[in-house]
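All values below were derived from every heavy atom in this structure, side-chain atoms included, with hydrogens, water molecules and symmetry-related copies excluded. What you see is a predicted model, and the numbers here were worked out from it, not measured in a lab.
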Amino acid sequence: MHTRLTDVIDEPTRADLRREALSLRPDAVDGHSTTPGFSIERGSVTSGFGGFCYADPGPALLSWHWTGPLARHITETTGATVVPTGVVYNYHRDGDGSPLHNDPFATELVVLTLLDGPVEPLLLHPDLADAPLVEVGALSERTGGHPTGGIPFDIRPTPLLMSGQAIPHHRHPASRDTEVVVAAQFFGVLASLTSGTARWRDSAARGVPGSARQLSR
C-alpha cells in the first residue's frame, strides 16, 4: 500500500521542518556501511550495502509528529488506529542509496515527506511480502542491496504513506549535486476500526489495490 496524504501539512510547517533539518545536519549520524551480509532484528531485515545519514528530530518535527493531525488523518484514511512511534531526518548525499530492507516492528506504516532536493523513487517489492526474512536478506546480499524489478514511487513534498514493514523496498544509489532531506515518521497499528481494514491490510501485503489508492512514478 502506498498513497498520498493531501492537506496534512502547510507550507509554513514544511519550511520550519526544512530549516530545522538543515540546522541539525552537522550532528547527523553517518549510517553508511560497506559490510557484506545482512542482519535480522525486530522483525526487519537490513543489508550492509550503502546507506545514508540521519539525525534525531528537533522541536518542530517532534511537535508535528506527536501532536499534529497526521495520526488522525492516517486513521481516517486506513480505518486502523495508529500511534506515532519513531521519527527521524534522513540526509541523502552524492552516491547514496537505500539497500533492500523492511521496517521493524511497531513501524507498520511510515510517512515520508521530501523537504529539500529531488530524490530517486523507492522501489517496492510486494512479491517479497510473504517471503521469509532470511530469503529477503539473501536476495539483498546476492544483488548488492538492489535486486531487479520493483514498483517505483516518488517521494514528494506531499507526504507519502506506505506499509514499509509488510513490503521490502530499496532505492538505487544516485549521483546528485545537492543533498536530499526527507522526514521519516513511523506509526504502529493498534487496532482495526472497520471490517474493511483487514481487507485493506491484506491488499497492502499483496501489493494490489485495496481501499488505498496505488501510486506509481
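Judged by distance alone, with hydrogens and angles left aside, the side-chain atoms of S23 form a donor-acceptor pair with the main-chain N or O of E20 at under 3.5 Å. Remark: side-chain polar atoms of T75 are paired, donor with acceptor, to backbone N or O of A71 under 3.5 angstrom. In terms of modelled atom types and a separation under 3.5 Å, the side chain of R176 and the main chain of R93 share a donor-acceptor contact. Between the side chain of R171 and the main chain of E120, a donor-acceptor pair closer than 3.5 Å is present. Checked by atom type and distance alone, the side chain of S98 never pairs as donor or acceptor with a backbone atom of H170 at under 3.5 Å.
Atom CZ of R25 sits about 14.0 Å away from atom OH of Y89, to the nearest 0.5 Å. Distance check, rounded to the nearest 0.5 Å: OG1 of T85 to NE2 of H65 gives 5.5 Å. Atom-to-atom distance recorded for L115:CG and I155:CD1 is 10.5 Å, nearest 0.5 angstrom. Here T13 contributes atom OG1 and L61 contributes atom CG; the two are 11.0 Å apart, rounded to the nearest 0.5 Å. In this structure, D154 CG and L112 CG are separated by 12.0 Å, a value rounded to the nearest 0.5 Å. Here the CD1-CG distance, from I167 to N102, works out to 10.5 Å after rounding to the nearest 0.5 Å.
Considering every non-hydrogen atom in both L123 and G149, the closest pair reads CD1-O, 4.0 Å. For the pair T143 and L139, the tightest heavy-atom approach, listed with the atom from each and the gap, is OG1-O, 2.8 Å. Counting all heavy atoms, side chain and backbone alike, M162 lies closest to F153 at SD-CZ, 3.4 Å. Pairing each heavy atom of P152 with each of P121, the nearest pair is CB-CB, 4.2 Å. For the residue pair N90 and A184, the shortest heavy atom distance occurs at ND2-CB, 3.8 Å. When all heavy atoms of L22 and P26 are compared, the closest pair comes out as O-CD, 3.9 Å.
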Show, in sequence, the C-alpha distance, side-chain angles and deciding distance for H92 and V182, and conclude whether the side-chain contact (heavy atoms from CB on, under 4.5 Å) test is met.
CA-CA 8 Å; H92 304 268; V182 174; 4.3 Å; yes

Given the rule in the ring-ring contact (aromatic ring centres under 6.0 Å, His included) test, do H125 and H169 qualify, once you have shown the distances and angles that lead to the verdict?
CA-CA 6 Å; H125 289 267; H169 49 282; 9.4 Å; no

Under the side-chain contact (heavy atoms from CB on, under 4.5 Å) rule, what do T78 and V189 come out as? Steps first, then yes or no, please.
CA-CA 10 Å; T78 66; V189 176; over 6 Å; no

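Side-chain contact between L109 and S163: present, with at least one pair of heavy atoms (C-beta onward) separated by less than 4.5 Å. Residues H73 and T77 have side chains in contact (heavy-atom distance under 4.5 Å, counting atoms from C-beta outward). Considering only heavy atoms from C-beta on, Q185 stays 4.5 Å or farther from V110 through its side chain. Side-chain contact between L70 and F187: present, with at least one pair of heavy atoms (C-beta onward) separated by less than 4.5 Å.
Transitive grouping of hydrophobic side chains (ILVMFWY, heavy atoms separated by less than 4.5 Å) brings I9 and W66 into a common cluster. Grouping the Ile, Leu, Val, Met, Phe, Trp and Tyr side chains by contacts below 4.5 angstrom, directly or via other members, places L128 with V134.
D30 CG: more than 12 foreign heavy atoms inside a 6.0 Å radius. Within a 6.0 Å radius of CG in D94, other residues, nucleotides and ligands contribute more than 12 heavy atoms.
Take Y91 and apply the ring-ring contact (aromatic ring centres under 6.0 Å, His included) test, not counting sequence neighbours, and it matches no residue.
Shown are D116, L114, T113; of these, the side-chain contact (heavy atoms from CB on, under 4.5 Å) with R14 is made only by T113.
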